[in-house]
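Notes for the one structure printed next.
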Amino acid sequence: MVEKSIVKRAEELRDQLNKYSYEYYVKDSPSVEDFVYDSLYQELVDIENKHPELVTEDSPTQRVGGRVLEGFEKVVHDVPLYSLNDVFNKEDIIAFDKRVQKALGQQVSYTCELKIDGLSVSLRYENGKLVQGATRGDGTVGEDITENLKTVRSIPLSLKKSITIEARGECYMPKKSFVRLNQDREEKGQDVFANPRNAAAGSLRQLDSKITAKRNLSTFLYSVADTASLKSSSQFDALQELEDLGFQTNQERKLCHSIDEVWDYIEEFQEKRGDLSYEIDGVVIKVNNFKQQENLGYTVKAPRWAIAYKFPPEEAQTIIRDIQWT
Ligand SMILES: NC(=O)c1cnc(OC2CCCC2)nc1N
């Protein structure tokens, strides 16, 4: 039986380290220097080595697993991960708005979100603890990449409330990490990745999570499998609720009350795209109210209540050129 004081100290360290990690990787505003984090982390590693029975699933020491997998298990998504219909011009945005207004016969607000150019992932939590992470796959069957997603520091191993929820979002590689990774691969005579999306996909497909852990991936969560698992009754509020649970959400979201406001948002971020620290390939426009989303429903592959406005592809050189070389 381990002394109570040691059990208590291990719990304190876990909570403290998870809080520091959240501040650093999710809020991007650390409250302590790295050396403070490192020394507390080492203290926890020492306690867990001496008393393995004290190790918990959500201990920060469990982010980087030990074993190399043979392959990935299949995961069936009870609620499919839908894709989005794409549009490429203002006329189609206006047509989308007209269809929605006609179908609903009432006023509609839209939540606009940047369309992160990464990989869709699904994160399942039971009683607030991360139990499974999976790829989108074909929308119905994905792959279990829990070990790899646990290494993504912005993914919380435990939520701020012990609820059971399946969150969905994008896992991506920041532009600077992409450039650094390709420089490193070039020096080693390895193939370089064509773009950050491919680099993120390649990093999440690693059978050895120690490699994934070094790729500096991040996330933006933007939806849940079942909106009934949230208090919110709209997309805009749901994003805030996900943030309050400890997820990273994209701060550029905007609640728009007319399609003109939506178009202004699109033009704004077509301009700002090069200044972002991550790649986007457009804007996602969603009917804000969940009841209205339900009334509009889905086609076979995509919701009728959302549309993706795609920007013209940005040639690779722009990505490299636009990085602020600090
Ligand atoms: N790549 C993105 O940033 C992104 C993708 N998809 C969605 O929403 C889909 C999910 C279910 C129907 C609408 N939102 C996003 N922000």
Side-chain angles (χ1 to χ4, degrees), residues 25 28 81-89 93 111-123 133-139 142-143 145 148-149 152-155 167-182 185 191-206 212 215-223 235 239 242 247-254 262 265-286 301-303 306-324:
Y25 289 103
D28 196 18
L81 279 88
Y82 288 97
S83 54
L84 286 159
N85 287 319
D86 295 340
V87 294
F88 304 87
N89 54 54
I93 290 283
T111 292
C112 288
E113 300 168 23
L114 297 182
K115 190 168 181 299
I116 311 302
D117 197 4
L119 216 74
S120 290
V121 294
S122 160
L123 303 169
T135 63
R136 176 182 179 282
D138 64 5
E143 290 177 317
I145 53 166
N148 289 343
L149 285 172
V152 180
R153 303 303 192 279
S154 64
I155 292 179
R168 290 159 172 196
E170 211 76 5
C171 184
Y172 69 93
M173 183 179 290
K175 287 176 186 171
K176 281 188 178 175
S177 307
F178 166 67
V179 171
R180 210 175 297 133
L181 175 63
N182 270 353
R185 290 173 73 88
D191 291 346
V192 293
F193 287 105
N195 54 53
R197 191 203 171 287
N198 289 7
S203 304
L204 285 175
R205 253 203 308 270
Q206 291 295 327
T212 312
R215 295 290 176 84
N216 191 33
L217 297 174
S218 193
T219 54
F220 287 120
L221 280 297
Y222 49 65
S223 78
Q235 175 62 11
L239 288 167
L242 285 171
F247 290 110
Q248 183 142 31
T249 60
N250 191 275
Q251 297 307 305
E252 307 300 346
R253 57 187 181 259
K254 189 172 191 292
V262 168
Y265 179 89
I266 286 170
E267 288 190 319
E268 177 188 355
F269 280 96
Q270 188 137 359
E271 284 308 302
K272 289 182 177 174
R273 186 182 184 189
D275 305 331
L276 297 169
S277 62
Y278 46 87
E279 267 207 355
I280 62 171
D281 60 345
V283 165
V284 183
I285 299 114
K286 303 175 182 178
K301 79 169 189 104
I307 201 96
Y309 177 86
K310 300 295 285 280
F311 293 146
E314 204 182 28
E315 67 282 1
Q317 286 322 311
T318 315
I319 298 169
I320 311 297
R321 187 197 67 216
D322 284 357
I323 297 231
Q324 318 306 333

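Predicted model, so just to flag it, every value in this text is computed and none were measured.
- Applying the side-chain contact (heavy atoms from CB on, under 4.5 Å) test between Met173 and each of Leu119, Val179, Leu181 identifies Leu181 as the sole match.
- Shortest non-hydrogen contact noted between Asn216 and Ser177 is ND2-OG, 2.5 Å.
- At a threshold of 4.0 Å, the pair Arg197-Glu279 does not count as salt-bridged, since none of the basic side-chain nitrogens sits closer than that to a carboxylate oxygen.
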Please step through salt bridge (charged side-chain N to carboxylate O under 4.0 Å, His left out) for the pair Asp191 and Arg185, ending with a clear verdict.
CA-CA 7 Å; Asp191 291 346; Arg185 290 173 73 88; over 6 Å; no
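- Heavy-atom minimum distance, Ile93 versus Val87: CD1-CG2, 3.8 Å.
- We find the CG-NZ distance between Asn85 and Lys301 to be 4.5 Å, quoted to the nearest 0.5 Å.
- Between Leu239 and Leu221 the shortest heavy-atom distance is CD2-O, 3.8 Å.
- With sequence neighbours excluded, the residues forming a ring-ring contact (aromatic ring centres under 6.0 Å, His included) with Phe269 are Tyr265, listed by chain and number.
- When the shell of 6.0 Å around CG of Asp86 is examined, it contains more than 12 heavy atoms from other residues, nucleotides or ligands.
- By the 30° and 60° cut-offs, the orientation of the rings of Phe220 relative to Tyr172 is parallel.
- In this structure, Tyr25 and Ile155 have side chains that are not in contact, with every pair of non-hydrogen atoms separated by 4.5 Å or more.
- With a 4.5 Å cut-off on side-chain heavy atoms, Arg168 and Arg136 do not count as touching.
- Under the ring-ring contact (aromatic ring centres under 6.0 Å, His included) criterion, Phe193 pairs with no residue, sequence neighbours left out.
- To the nearest 0.5 Å, atoms CD (Gln235) and CD (Glu113) are separated by 4.5 Å.
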